[in-house]
Structure formats: C-alpha cells, structure tokens
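What follows is a single structure, written as structure tokens, with notes after it.
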Amino acid sequence: MKVLVRASAALSLLFAPLAFAAPSFAQEAAPAEAAVAKEIAIPAPTAIQTGDETPWLYEGSNVPVDREWLFGAMDNGLRYAVRRNGVPPGQVSIRVRIDAGSLHERDDEQGFAHLLEHLLFRESKYLGQAEAIAAWQRLGATFGSDANAETSPTHTAYRLDIPNIDQAKLVESFRLLSGMIREPVLSEENVAAERPIVLAEKRERGGAGQRVADLTRRTFFAGQRLATRNPIGTVATLEAADAQGVQGFYNRWYRPENTVIVVAGDAEPEVLAGLVEQWFGDWQGKGEAGTPPDFGDPAAPEGAKASPVLSAPIGDLGIATEPDLPRNLTYAVMRPWRKVDDTIVYNEGLLLDAVAQAIINRRLEARARAGGSFLYAAVRQEDISRSTDATFVSLAPLTDDWQAALAEVRAVIADALASPPTQEEIDREAAEFDVVFANQVEQRSVQAGSELADNLVNAVDIRETVAAPEVVLEVFRGMKDRLNPAEVLERTRGLFEGSVIRSVYVTPELGEADEGRFKLALSSEVEVDGSARLAAQTIEFGDLPPVGEPGTIVSRVPLGVLEIERIDFDNGVKALIWANDAEPGRVTVRVRFGAGYRAFDEESAVYAPLGEVALVGSGLGELGQEELDRISTGRKIGFEFGIDDAVFTFTAQTRSEDVADQLYLFAAKLGMPRWDPDPVKRAKAAAELAYNTFATSPGGILARDLEYIQTDMDPRFATPDPEALESVTPEGFRKVWEPLLAQGPVEVLVFGQFDKEAIVEKLRRTFGALPEREPIAPEIAARVPDFPVTGGEPVVRFHRGDENQAAAVVTWPSAGGTARIREARQLEILTQVFNNRLMDALREQAGASYSPQVFSKWPEDLSSGGRITALAQLEPEFVPFFFAAADKIADDLATNPPTEDELERVTAPLAERIRRASTGNQFWLYNLEGATTDPARVRFLRSLLADYSQTTPEIMLLLADRYFVQKTPLKLAIIPEGQDLAETPPASAIPDVAPTPTAAQRERVQVIGR
C-alpha cells in the first residue's frame, strides 16, 4: 500500500501540466474497445484448482505452493496461472507458452516454429495484415519490449505487457491475443511476406560467431536432435516453406493441451482467470496432435574408454580456425537430462552444486588475477534444452600455448576434486547466496509482474516449480548443516562425472591444434594445484582508515521535488538524498564527478576504455581486488564505473544496511585510490584479444567505429587498436587517471530506504571529508564533439564477415543541454515516428532488414553534440535503398505532418513508459542527477510527461525541417571487404514510406506555409 501511495504522489507531480494542455487525440474515447467491454461480461472461472487439489505445476513436488498464484486446468487441456501484482501499477503481463520449439520440427520444417512466431503477428482473426504492431502500440505497448516473442529449442513464448490497464483494454488484449494464438491467417501471401524478414534475421546472425556457435552445437550435442536444430532454421527449409507446410506444423503443436497461459498484473486474479477461460476455454486442436520426439542422450563413442585421469571418455572434439576471433576453449562433462521431482531435497542439492561451483570459480579468478596463462576461466552447470545436464569449463588462453592454459585450469579443478574445501571457503560463498536470497525477500513487494510471469514460464519449460522468496531463503538457511566440506566435495565430484566429455577450441591460427593434440591435452594427468585456495582473512569496515577529517554541512534545504533534500558541504561536494520506502530494503547510490570524456585528449584517449574495465579493480587504500571482494562478502555492494559525455559515474544498488559502507568505498576511491598494475595488464590483454573480433561483422564495425566517425574521428571515441594498446603501461594508466579522480565537482545521490540522519552523517564523514577538488580547466570544460562534414557522400568501411552482410547508417546533428530539453523530448516523438516508418519500409514492405532502428542522443551535460541516428543491417545491394528510404522519410516528415494515429502510436507508449518508470527511485534519480549544478532540471521535470505525450503536427514539421532538412547528414556504409558500394537499389525495393495526409492535415501544412 505504501508503494502505491508514494507512486500516486510522484505521478501527481508529472500529471500537473496535463490539466491545461491535453491534446484532442489524447482525449478521444475508444468507442470500439468500450463497446467490447460492455458487450462481453467476464465470466467467473470454473477451472481453478482449489482446496486440497495439488496445482498442476507442483505435481510430484513437496515445495510449498506459492499461494499468490491461482492455478487452473481446463477440460481442453490448457493450463493457466494468474496472480495479482501491482508493480508497476496498472500493468498486466500476459505470457502464452506453446510447448513446441525447433526440436519438434521435422527435417523439412527447420525454422517453422520461429516462422510461425512471426506469422502470428502478421495477420490473425481480429487483426488484418501487418496491423498487430500498431494495435499493441495503440494499447500503450512498445513493440519489441512490451510486445514480443521468442522461439527456443523447446518452446515458443509470446510476451505482452499492457500498461494503464482498464477493463476495456484487458478484454481487448485477450481478444486480440486469442485471435493470434487460435486463428492466425497462414496464407501463401503472409508466408511470402514474412519469409524475407526471417531470412534477414538469419543473415544478421551470420559470420564467424555463428559459425563457431554452429560447430559448438554440433560437437557438444552430437547424436542428439539439438545438434541439427537451430531455431532460426536453414535457408533451404525457409525458402521452401509454404502455407500448407506451416499450417501442418501449427495444427500438430498449437493446441490447448500444449499451451500454458500466465498472467500477472494489476487486476483481480479471478478476473484474469475468467478472461483466460472465456477466450481459450472452447479452443480445440485441429487434426492429429504431434507426438513429442525423443531428444536423445549424450553418449560416448562406441568402444570408448575413460582414461585413468578423466571420469568419462572423450567424445567429439571441434576445432574452429577464425582469424578474427580470440582463443577460447570449452569442454563439458555431459550427462543425460531427466525430469526430476522438484523436491526440497533436490533443491538443496542444487544449492550445494552452486556453492561448489562458486568456490572453484573464485579460485580460478584468483589464479587469473595473479598472472595466470588465461584471461578468465569459469565452471558452470547447465541443463540444456531438456537434452543434457552438463558441466561446462570455459577458458580464454592469453597466448598460443593453449595447452598450458588448459593444464593450469584443470590443475585448479583437480584440487577441488581431490580435497574438500575449507569451511571458511564454504561460509564465504554461503554468505553471498544468503544476502541474495534475503534481498529477494526484502524486494518481494516490488518484484515486477513481468518478471514473475517470465519465471513461471521458465519453470514450465524446465519442468520444475516456482517458490516464494521466503521459501527459498528458508530452504537455504535450513540446510546449513549440509554446507560442510564433505558434502561440498561429494557434490563437486558429481559435477565432473558423466557419460562423455566433449570440447571445442577456437583459435585464430591455422594448424595451432589438431584432434590428436587436443585429446592428449584433455586427458593428460595434471598436478593438483592448491595454491589458488584463498586463505582465510577477515576484513571489517571498522578497521579501515577514515577518508579524512569529517566535513561541515553549509546548507541543507528541500530540493522542491517530493521529499528530496539537497546538502552542500564546505569542501564543495553536493548531495541529493531521498529517504523513502517505495522499494523496501533497496537503495541506489550514484556519484557524479569530474569531466567525463572531456578530460581526455589524443595522447590519453587510449586509457579511457581501459579505465572502464580496470579502474575499480585497481583498488583503494589498502584494498586490492581480492580484499574488495572479501570485504563485500555477505553484503550487497556494487561498484559500476562509467564514462559519460561530461561526467564520470560510480553507481551501485545496495541494501539499507549496506549503504553506509557503500558510500565509504566510493569516497575512498576518490580520496585514496590504489594503483595495482595487474588489473591494467589484464584489461590491456582483453582489449588486444578482442580487437579483431569487431571486424567479423557489420555490427562489430558499428560497435567499434560508429561513434568515432560520428564525432569526426575524435580520438576520445576511438576503440584502441593493438598499435595504440602497445604503449599502455600501468604507470601511464596512473598518470592519466590519478588527477582525473581529484578533478571537478562531486555530486552524490542516495535514493531509497535508509535512515536519513545516519546517512547524512555518513556523507559528512566520507564525501564531506574529501579534499577540495581541482577545478576543470576552461579549455577542457569547453570540449564538445564535432560533427563531420562529408558533403553528403557516404563514408565506407569494410568488414571481414559474410559476403551477404552489410550495414547502413544515416546521422543528423542535433543539439544538447537542458535549456532546450523540452525540444529534445519532442524530438524523441519525431524520432519514434521515423522509426515506425523505417520499420514499415525496410521490414514489412521490402523484407530488407530484420530490425532497423532510429534513435536520438541529446547530451544534457553538454551544450551540443547531439545526433539522430537511423541504422539497419541488410544485404549490400540494399544499402542505397536504405539511404533512399531514410532520405524520403526525412523529407516527407518535413513536408507532411504525421497523422494523428501515427502520433498516438508513439505518444501513448512513451507516456506509459514514463508512468511505469516513475513509480521507482531509478526514474527520479536519473531525471534529477546534475540538478545541484543545473537547477533547471528540477523545473523541467514537471513538464516531462507532457513533453513526451503531447505534441502537434506543426511542432513535428518544425523539428523535421530544423534537423532533417537544414542539416546535412552523415551517411555510413559497412560492406564486405572486396566489394564496391552499390550505386542504385534493387528495382523491386521501392517503399511507400509515408501515409497519405488527410485534407485537414494538408490544410494545416498550408497554414504553416503561409
């Protein structure tokens, strides 16, 4: 209840401007939806499992039932689970899971499960062709985040999050969804329209990474169905797909007995159950039901024998030579997957397994940090697609001596198999799990309904149950006696026992490995290495030195928003604090300091990305990486570091009882940093190994070069290449970063549930105790990114991936700063309209790209440097088509205003995203950061909702003219090496990029023109 009260107060702040400025299209009623709600009464459910009846999810289990869920099993075989959840307020999350994925396809149907996922959004009983996206947008859902789907080897799941729900929208959502699931239109026309989109999606996943993924799947799952079933399918089967074949797959698997519907949201559970029964209760399958195939078991090669060193014989081995990928080796101990009774004892075993893996992984990390021959290594147990229960070991060798790296990792694991861990090691990992489980209990009241729904869908997929957070914590604490060296050793050994061992090695060098050497390296005896065991050493926060002399508060005043206070200290540090109970037990801390990317120049730029990786790990005071890990044991302590346009940030989500210590760590990093060389060396090695991977695909080149090109080759935004990295040293790292930690203003934001006066005092003793900061030099403060002048000619970059892959980008310069922030918000509306049109032109009409995007970046901390970017991945011949489509959309938006429907499809989801987000502390922190130096951010917060949800066609025309017509864009093409940029698009690719304006809209344009 307190959450909703606080949410109401917060929303009232945002709704204030709406009273006098609501646009006509936002006031229009939805008569069709209202009529549906009046005509169709929601019946009382009759299939709920009540009393002593065991809910279907808990059959064969003694895990206590989570009674907040209501479970139902209908006569037609469909099962459902519903519950009330008000996080965020007004939202309902609907999940429909079909128990059929790529493993259920016949050989000639590969890709059909995924193709069907697309086709259900193409056309169905209540939605015409390509109407689904617009329909869900009108209901306030953002396509791709609130309305989406996934196909896995074992299921197809449809996900809908409908905000601002009322009875009319709830009924309409179930009506539309029932039409999609029960009666899709699987015509030849629709299959032909969706096929190129799926092929585009497949193409975008290609390249070296996909080749390695395919080899990995074939090797690890050899002899099993999973080895030859990729959800995306094959080009041959997709091109051969027709309506009859897709309908046949649908009829076999899309049936009520294969369907589970999960709903969690801000409505009465009985109402949700009634809607499920009303819209799906009379559903009957068509034709003969499919028989689930045997997924197969992992098995050793015939006649293979285990060596004295290994617990299982070695089976298939795969070696991939990819010149642009770093070395990586993974081996797995494979076991058959079997459905289990999800009992408390079974879960205790899983928790023991998790502790055993955490101990090994901590030892491996310690070995890597201490200068091991591998960059990283990790052990993980996974149940894969109901096909295998496997323990995977992955490592990244630092050099071509991969045998030494493998032996070093196996030696650490051999020690874990030979001798029990110490009780101190067990207790340390148990404390980490305990704080996670306890935090989940604290956060239960603010757990999002979408997350709860997804968790239940995943439980159905793996044939297990869900448990309330209190049950998980109780089970874990109740098994304390089992957390002993003998039992952990037994479970550790079980993790490395199985039917067969398989492995894949990826190397950039041809001939570096062959099957004989590979098998020998895996089966050779290794010396047990116990040196990576971590010695017990207790570190307490109370033993750490003070940051300095406690400071003095010179000002403490209300900010003027909610109950947020501003506190100024005599050393210049400023803080915003908001103690509230909206998110029980949770506190977000953010520290903004320094100059951000402005602080770097051509000489120091290489150290910026390395700092994002190594700065935190280099320690503080007397604490190195290992000590930081140890002192955080049993606490929820975070240490994220980021570099923004004009500021550096430390961020953490912590708990009420840990926030004081979190503040100490952040302040100590600024006041008494440590400069360990090992994290810098490791970050440098990782950057060197990763650099060539960018060249393997157009997406990689975008990640590497886009911002660098958009900022006119500004070295601050370049991805360091091996030549630049060669000059990096730990001494150079310190020389660059040490003055930056002492430079520029500091702003601390603490939002969440905490003792306000205690935290004010802690701020005084930590951030208030820092020495006064060095000012940012005027020439540094004035740095803003440039925008390149190209004369409109495309910049061309080349990748070394597949010859049918390309990417294209168009970027227009915009502006920055908070003085024009309301314009920036209106520009976001225009950008989303552009995005919808580009999606329609490239994806829906031409099938040229799977997911084109348009987005706006408006730096609030800089006076300029903003940009609007449109990009897509497509075939090389379609690059000129993309440029033509983007130009046409831009010109049209500056000539013909968007229709009212186009605007509503954008503004409704934007408004709903703000309403949902504004019930959490993160929203307010994000929108108020920087307010201690820029008070305008407080003033403009009051218009935020109106700015994103209200506009006029005239404003859209003005902005389109300002940014799309008056600005010359940058065009970038990324094509395969050895190809020339195509000059003209394919003759068939001529999109209609804009709806026809109405007479009233044309009149408005004429008025503007006059």
Side-chain angles (χ1 to χ4, degrees), residues 204 207 324 596-598 600-606 608-609 612 643-646 687 690-725 783-801 805-816 831 834 838 849 852-859 862 864-874 876 878-880 882-887 890 963-964 967-977 979-982:
E204 290 177 19
D324 291 321
Y597 276 114
R598 295 177 300 173
F600 300 96
D601 55 25
E602 185 172 0
E603 184 178 340
S604 63
V606 67
E612 289 185 297
I643 307 176
D644 293 330
D645 295 301
Y691 185 80
N692 281 347
T693 64
F694 292 115
T696 61
S697 69
I701 299 294
L702 286 173
R704 189 189 72 187
D705 292 344
L706 178 57
E707 191 169 22
Y708 177 55
I709 295 171
Q710 288 175 326
T711 56
D712 199 22
M713 313 301 183
D714 190 324
R716 295 176 296 162
F717 302 101
T719 300
D721 60 22
E723 184 179 354
L725 290 166
R783 288 175 181 164
V784 295
D786 290 328
F787 191 82
V789 177
T790 63
E793 290 300 312
V795 175
V796 181
R797 290 290 183 271
F798 299 93
H799 68 85
R800 295 195 289 268
Q805 292 182 317
V809 180
V810 179
T811 301
W812 296 264
S814 59
T831 300
F834 199 132
L838 191 66
S849 177
Q853 302 172 55
V854 187
F855 51 89
S856 172
K857 177 182 179 180
W858 184 288
L862 295 177
S864 63
R867 49 190 177 264
I868 306 159
T869 301
L871 64 84
Q873 294 192 52
L874 25 68
F878 275 88
V879 169
F882 171 85
F883 291 147
D887 287 343
Y963 293 110
F964 296 144
K967 307 287 187 181
T968 300
L970 160 73
K971 294 181 178 180
L972 169 66
I974 302 170
I975 60 176
E977 285 186 345
Q979 293 189 19
D980 295 324
L981 182 62

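The structure displayed is predicted, hence computed values, not measured ones.
- The side-chain contact (heavy atoms from CB on, under 4.5 Å) test applied to S604 returns F600, D601, V736, not counting sequence neighbours.
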(request) In sequence, state the C-alpha distance, the side-chain angles, and the governing distance for Q853 and T869, and then conclude on side-chain hydrogen bond (donor to acceptor under 3.5 Å, both in side chains). (result) CA-CA 8 Å; Q853 302 172 55; T869 301; over 6 Å; no
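- Taking 4.5 Å as the limit, every side-chain heavy atom of I974 sits out of range of all side-chain heavy atoms of F798.
- Y963 and P813 get closest at one heavy-atom pair: CD2-O, 3.6 Å.
- Legend: residues meeting side chain to side chain donor-acceptor pair (under 3.5 Å) with R800, ordered by chain and number and at least two apart, are D324.
- Among residues two or more places apart in sequence or in another chain, the side-chain contact (heavy atoms from CB on, under 4.5 Å) test is passed with S864 by V784.
- Taking CD of E793 as the start and CG of L981 as the end, the distance is 9.5 Å to the nearest 0.5 Å.
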Determine all donor-acceptor pairs shorter than 3.5 Å in which one atom belongs to a side chain in residues 692-706; sequence neighbours excluded.
| residue | atom | partner | partner atom | Å |
| --- | --- | --- | --- | --- |
| T693 | OG1 | A690 | O | 2.4 |
| T696 | OG1 | T693 | O | 2.7 |
| S697 | OG | G700 | N | 3.0 |

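- With sequence neighbours excluded, the residues that form a ring-ring contact (aromatic ring centres under 6.0 Å, His included) with F964 are W812, F834.
- Counting only heavy atoms from C-beta outward, the side chains of L874 and E204 never approach each other to under 4.5 Å.
- Closest of all the heavy-atom pairs between P976 and H799 is N-NE2, 3.5 Å.
- Partners of D887 according to the salt bridge (charged side-chain N to carboxylate O under 4.0 Å, His left out) rule, which considers only residues two or more places apart in sequence or in another chain, are K971.
- With respect to the salt-bridge test (charged N to carboxylate O, under 4.0 angstrom), the residues E707 and K857 qualify.
- L725 places none of its side-chain heavy atoms less than 4.5 Å from the side chain of Y691.
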